[in-house]
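Ligands are counted one by one from 1 in listed order, and the atoms in each one are counted from 1 as well.
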Amino acid sequence: MPSALSGAATGFGYSIDALVVLSLAQYIRNLGYNAVASLNDSSLAVPTAIKAGLGEYGRHGLLITKEFGPRVRLGKVFTDLPMELDTPIRFGVKEFCEVCRRCSDACPVGAISAGAPSAKRYNRSTIKGVRKWSIDGEKCFGYWVSQNSDCAICLRVCPYNKDYSRWWVRAGRRVAGTRLRRLMLWLDVRLGFGERMKPRRWWQGG
Ligand code: SF4
Ligand code: SF4
C-alpha cells in the first residue's frame, strides 16, 4: 500500500524545489542574464538531470543519484549564463538494475517492466522512439487515482533508497557497482531494506 506520509514528503519536496528554482532564477537575472525557473514542465527533467551528471537512470524510470538514491525531486533553470558543463556519471546503476527486479516485482499494477530496455509504447504517454526502461505511466497514475493518493512503492523498495550519510551504506553502494552486485541485492532483501515502515515508528523518529 502507498503511504500518505510519502505523499506528504513528495509535496514538501516540490514546495522547497519551487522556492529554490525561483530564487536561483532571480539571482541569475540579477546578474544580467536570462533565467526561467521550471519544475516538471517545459522539458523532461530526468534526461536533463542525467546529462547534468546528477545520477543514472533506473528501471523504475526515475533518476538515481549517488547522494540520495531515487529520493529526489527535480527542478531546472533555463539560462544563458555562461558556465562549465557537467557530464553524465556512471556508478553501476544500469548493471544493478539488470539483475534487480525489486521495483517491477513490487509495483501493485505492473507498470514497471521486468524485461530489457525497449522502445515499446504502452500508450500515448510513452515517449516515442527511445529504447529504455519505460514505465506504463497511465497504469501508474490510474493507481494513484484509485488510492486517492500518490504512490512511492517503487522508490521505497529500490536498493538505492538509503541514507548515504553512513559510511557502510556508501561502501555498500560501491560494492553494488561491482561484480558483487547480486550479493548486495541478496543482502538488501535479507536485511529487510525496502519494507514498509509503520507510520507510528516514523513519527517516533524511525
Ligand atoms: S509509483 Fe507505484 S504504481 Fe507507479 S510505478 Fe511506482 S510502484 Fe508502480
Ligand atoms: S528497484 Fe532495483 S531494478 Fe528497480 S530501479 Fe531500483 S535498483 Fe533498479
Does the distance from a Lys or Arg side-chain N to an Asp or Glu carboxylate O, for Glu95 and Arg182, drop under 4.0 Å?
no
Quick one: do Asp188 and Arg102 make a salt bridge, cutoff under 4.0 Å?
yes
With a 6.0 Å cut-off (strictly less than), is the heavy-atom count around OH of Tyr27, excluding the residue itself, greater than 12?
no
Any non-hydrogen side-chain atom of Lys162 less than 4.5 Å from a side-chain atom of Trp168?
no
Can you find a side-chain donor-acceptor pair between Arg201 and Gln204 that sits under 3.5 Å?
no
Residues in salt bridge (Lys or Arg N to Asp or Glu O under 4.0 Å) contact with Asp105, at least two apart in sequence or another chain:
none
Looking only at the aromatic ring of each residue, does the gap between the centers of Tyr160 and Phe96 stay below 6.0 angstrom?
yes
Protein N, O or S within less than 2.8 Å of atom 8 (Fe) of ligand 1, waters excluded:
Cys107 SG
How far is [atom] from the closest protein heavy atom, and which atom is that?
atom                    : value
atom 7 (S) of ligand 2  : Phe96 CD2, 3.6 Å
atom 6 (Fe) of ligand 2 : Cys158 SG, 2.4 Å
atom 8 (Fe) of ligand 2 : Cys97 SG, 2.3 Å

Short N/O/S contact of Cys100 with atom 2 (Fe) of ligand 2 (below 2.8 Å):
yes
Here the atoms of ligand 2 under 4.0 Å from any heavy atom belonging to Tyr160 are 7 (S)
Taking only heavy atoms of Pro159, which atoms of ligand 2 are found under 4.0 Å from at least one of them?
1 (S), 2 (Fe), 6 (Fe), 7 (S)
Heavy-atom contacts with Trp144 under 4.0 Å: which atoms of ligand 1 show up? List them by number with element.
1 (S), 4 (Fe)
For the student: nearest non-hydrogen atoms of Gly92 and Glu56, plus distance:
N-OE2, 3.1 Å
What pair of heavy atoms forms the shortest contact from Asn40 to Ala45, and how long is it?
OD1-CB, 3.9 Å
